[in-house]
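As the structure lists them, so they are numbered: ligands from 1, and atoms in each ligand from 1.
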Amino acid sequence: MTDNNIATLNKFAFRIDNAAKNATAIPQLSLEQAFSEDEAYAIQRASLVHRYERGEKLVGLKMGFTSVAKMKQMGVSDMIWGRLTDQMLYENGAELDLSNFIHPRAEPEICFRTTQVINKEVQHSDIPNYVDAIAPAIEIIDSRFENFKFSLEDVIADNCSSTAFVVGDWLSPETVLSNLSVHLVINGEDRKSGNTDAILGDPWKSFLAATRLAEKYGQVIPAGSYLMAGAATAAEFLKAGDHVEAKIETLGKVMLECKNA
Ligand code: OOG
Ligand code: MG
């Protein structure tokens, strides 16, 4: 990589971080200068450094585009991963001030909790050594790009639209995750529905993929991290006054309230 490229990656990382901090949309980076998927992850990492410098802590990772419903909605076709910080974590039932967001959308998710440091790909048979709980969750995505439009490289650079997440009550990791209905209910209305099998055929595969990609990109996953599996349904835009619930069959529900505009 040339010095010029590194300067561009740093410039893009700074721009992404500012857009997130100020809740202001920016034009797609890739239209200004094309960059590779690996460079996109380098931009993501550099933009997170700005957050760490402000005192935010890494608390987990999220997977994206692990279901066909999500890939179709956003017009992309590859799995991606991003980083979650403590500032993004909201309590179940919390109020979300929409004035801190650009054009937020909510999607129903499953969250895994890790028990020990993960620095290499976990194998399926080893899962019980690394996960002690699972929970229903809501992710709020808020692309920093105008009109929520991006290329795969853009969205990776933008930390995969990560903005906020809410985790419901923790359950035993032995709870069955296959073939459960998933609903995103807003103001009592069933807006999106799907099935946990839509997540790579089995949500645990998303956990395993997260550990594989983290190893590939040299990201250590601390003990006690939140790993979000990716949505089984498309996402819904939020507006002030919305009462949002993600309901997953047998896992229960998780909620949040939206205020302001
Ligand atoms: C990118 C994030 C995708 C998921 O669950 O698939 C994602 C986006 O849709 O803006 O979080
Ligand atoms: Mg998501």
Check your understanding: Which protein N, O or S atoms lie under 2.8 Å from the Mg ion (ligand 2), given by chain and residue number?
Key ->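 Near the Mg ion (ligand 2), below 2.8 Å, one finds E107 OE2, E109 OE2, E139 OE1.
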
For residues 249-256, run the donor-acceptor check on the side chains, cut-off 3.5 Å, and write out each pair with its distance to 0.1 Å, sequence neighbours left out.
| from | atom 1 | to | atom 2 | distance (Å) |
| --- | --- | --- | --- | --- |
| E249 | OE1 | S181 | N | 2.8 |
| E249 | OE1 | S181 | OG | 3.3 |

Point to revise | Neighbouring residues of ligand 1, heavy-atom cut-off under 4.0 Å | key: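 K62, M63, G64, F65, K70, M74, E107, E109, E139, I141, F148, F150, V155, C160, S161, G230, A231.
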
Exercise for review: If the plane angle is over 60° it's perpendicular, under 30° parallel, otherwise tilted; pick one for F65 and F150.
Suggested key: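 Aromatic pair F65/F150 classed tilted.
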
Check your understanding: Testing T24, D17, D158, N159 for side-chain hydrogen bond (donor to acceptor under 3.5 Å, both in side chains) with R144, which one passes?
Key ->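 Going through the options one by one, the only one that passes is D158.
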
Review point. Do you know which of E107, E236, E109 makes salt bridge (charged side-chain N to carboxylate O under 4.0 Å, His left out) with K192?
Key: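 Going through the options one by one, the only one that passes is E236.
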
Review point. Between F165 and Y226, is the gap from one ring center to the other below 6.0 Å?
Key: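 Yes, ring centres under 6.0 Å apart.
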
Practice item. Before giving the answer on side-chain contact (heavy atoms from CB on, under 4.5 Å), spell out for L213 and M63 the whole-Å C-alpha distance, their side-chain angles and the decisive distance to 0.1 Å. Key: CA-CA 10 Å; L213 291 168; M63 293 297 290; 3.8 Å; yes

**Study point:** Residues N5 and T8: side-chain donor-acceptor under 3.5 angstrom
**Key:**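 The criterion, which ignores hydrogens and geometry beyond distance, is not satisfied for T8 and N5.
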
Review point. Who passes ring-ring contact (aromatic ring centres under 6.0 Å, His included) against H50, sequence neighbours left out?
Key: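 Here the qualifying residues are F14.
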
**Study point:** K21, NZ: over 12 other non-hydrogen atoms inside 6.0 angstrom
**Key:**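 Enclosed: over 12 neighbouring heavy atoms sit under 6.0 Å from NZ of K21.
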
